[in-house]
Amino acid sequence: MLNEMKTIDFLKVLSSSEPVPGGGGASATVGAFSCALGMMVANLTIGKKKYADVEEEIKDICGKLETLMGELVFLTNEDARVFKPLSEAYGLPKNSEEEKLHREKVMEEALYEASIVPLKIMETVFEAIKLLEFLGEKGSRIAISDVGVAVLFGEAALEGASLNIFINTKLMKNKEKATFLNNRADKLILEGRRLKEIIYNNVLANIK
């Protein structure tokens, strides 16, 4: 989806009554923008004599961010793919006991799959946020504000994706799986917020 559309077309579909893309896909896309901004800062740093001592590390970070960006574009599409079975499950008949049991089984599987993708979005974005810390400390000073924007985007993507987990796990019958997913999301949120504060405050200290 995202890799086949212009940004403006993606926004038009996002703003429409179409069920996908939704919040999960939008979060993955925002995460991809976070990676792209980090790459921009890295590319503005590479080749500058002033930053020669950290050039190899910056190149490595740039390559990793590019990989993460590609994963998030893929996850934008994956989020749309896994939502379809869930939306179809809601429409399954539940007139007889047999139909109710079948619907419950299909729903449970669909809810789990629709939670795994946003969790993967969170994990991928978190990896990007960790890379932004070094760019905030050692990257080009003329682009440090973009590190701040990138980490704000990253936190928004992280927490945005978490909401797509929580709305699904609340309906899951398997509380063990639901608890695992919720705990993992909560941990990523806490760690993401902690890192975001460090990175963002460092940016502010350098530009104000």
Side-chain angles (χ1 to χ4, degrees), residues 1-5 10 13-14 16-36 38 64-92 94 100-132 150-196:
M1 183 182 291
L2 180 60
N3 55 346
E4 298 170 354
M5 300 172 71
F10 179 78
V13 178
L14 185 64
S16 73
S17 59
E18 291 294 320
V20 292
S27 295
T29 302
V30 171
F33 275 102
S34 174
C35 293
K64 288 176 178 177
L65 284 171
E66 184 174 16
T67 298
L68 293 171
M69 182 175 68
E71 289 178 11
L72 287 163
V73 170
F74 171 75
L75 288 167
T76 300
N77 302 331
E78 276 294 282
D79 188 73
R81 184 185 67 79
V82 297
F83 181 76
K84 186 180 178 185
L86 179 58
S87 64
E88 290 173 349
Y90 279 111
L92 288 173
K94 47 182 177 179
K100 286 178 183 177
L101 288 171
H102 175 68
R103 183 179 184 275
E104 185 176 303
K105 181 178 181 295
V106 173
M107 276 285 293
E108 191 72 8
E109 292 173 357
L111 286 165
Y112 180 74
E113 289 300 317
S115 301
I116 287 294
V117 172
L119 181 60
K120 182 61 178 175
I121 292 169
M122 291 184 74
E123 291 170 343
T124 306
V125 169
F126 182 69
E127 289 303 311
I129 291 174
K130 289 195 292 185
L131 295 172
L132 293 174
V151 78
L152 288 173
F153 279 16
E155 186 187 31
L158 191 75
E159 299 203 29
S162 76
L163 297 177
N164 288 268
I165 296 171
F166 300 142
I167 196 171
N168 292 325
T169 54
K170 186 178 181 179
L171 298 173
M172 287 173 64
K173 302 293 184 184
N174 188 325
K175 296 307 176 186
E176 187 178 342
K177 282 186 177 180
T179 299
F180 169 79
L181 291 164
N182 287 342
N183 288 346
R184 179 63 179 146
D186 285 337
K187 184 177 179 181
L188 286 166
I189 289 170
L190 287 174
E191 285 297 302
R193 286 176 179 173
R194 183 186 66 81
L195 266 179
K196 172 258 178 181

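Because the structure is a prediction, the values reported are computed rather than measured. Heads up: numbering here begins at 1 and tracks the sequence.
Note that CG of Asp79 and CD1 of Ile116 are 12.5 Å apart. Values are rounded to the nearest 0.5 Å. Atoms CG and NZ, from Leu190 and Lys187 in turn, are 10.0 Å apart once rounded to the nearest 0.5 Å. Annotation: the span from Tyr112 atom OH to Ile165 atom CD1 amounts to 11.0 Å, rounded to 0.5 Å. Here the straight-line distance linking atom NZ of Lys177 with atom OG of Ser115 works out to 10.5 Å at 0.5 Å rounding.
More than 12 heavy atoms of other residues, nucleotides or ligands sit less than 6.0 Å from atom CZ of Phe166. Within 6.0 Å of atom CD in Glu66, 12 or fewer heavy atoms from other residues, nucleotides or ligands are found, so the atom counts as exposed in its surroundings.
Among residues two or more places apart in sequence or in another chain, the side chain to side chain contact (heavy atoms under 4.5 Å, CB included) test is passed with Lys130 by Phe126, Glu127, Leu195. Residues satisfying the salt bridge (charged side-chain N to carboxylate O under 4.0 Å, His left out) test with Arg81, not counting sequence neighbours, are Glu78. In this structure Glu191 satisfies the side-chain hydrogen bond (donor to acceptor under 3.5 Å, both in side chains) test together with Arg194, sequence neighbours excluded. Residues that satisfy the side chain to side chain contact (heavy atoms under 4.5 Å, CB included) test with Glu71, not counting sequence neighbours, are Thr67, Leu68, Thr124. Listed by chain and residue number, nothing satisfies the side chain to side chain contact (heavy atoms under 4.5 Å, CB included) test with Ile167 (two or more places apart in sequence, or in another chain). With sequence neighbours excluded, no residue forms a side-chain hydrogen bond (donor to acceptor under 3.5 Å, both in side chains) with Glu104. For Lys196, the side-chain hydrogen bond (donor to acceptor under 3.5 Å, both in side chains) criterion is met by no residue, not counting sequence neighbours. Lys105 meets the side-chain hydrogen bond (donor to acceptor under 3.5 Å, both in side chains) test with Glu109; sequence neighbours excluded. With sequence neighbours left out, the salt bridge (charged side-chain N to carboxylate O under 4.0 Å, His left out) criterion links Glu113 to no other residue. Under the rule for a side chain to side chain contact (heavy atoms under 4.5 Å, CB included), the partners of Ala161 that lie at least two apart in sequence or sit in another chain are Ser27, Pro118, Ile121, Met122. Qualifying salt bridge (charged side-chain N to carboxylate O under 4.0 Å, His left out) partners for Lys64, counting only residues two or more places apart in sequence or in other chains: Asp60.
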Query raised in the report: Could you walk me through whether Phe33 and Met69 pass the side-chain contact (heavy atoms from CB on, under 4.5 Å) check?
Result: CA-CA 8 Å; Phe33 275 102; Met69 182 175 68; over 6 Å; no
- Before giving the answer on side-chain contact (heavy atoms from CB on, under 4.5 Å), spell out for Leu188 and Leu119 the whole-Å C-alpha distance, their side-chain angles and the decisive distance to 0.1 Å. CA-CA 9 Å; Leu188 286 166; Leu119 181 60; 4.0 Å; yes
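The two residues Gly31 and Ala157 have their closest heavy-atom pair at N-CB, 3.6 Å. Residue Ala150 comes nearest to Gly38 through the heavy atom pair CB-N, 4.3 Å, listed as atom of the first residue, atom of the second, then distance.
With Ser34 contributing its side chain and Val30 its backbone, the two residues share no donor-acceptor pair below 3.5 Å.
Listed by first then second residue, pairs satisfying side chain to side chain donor-acceptor pair (under 3.5 Å) with a partner in residues 150-175 read Glu159-Arg193, Thr169-Asn182, not counting sequence neighbours.
In this structure the side chain of Leu72 reaches within 4.5 angstrom of the side chain of Val125, judged on heavy atoms.
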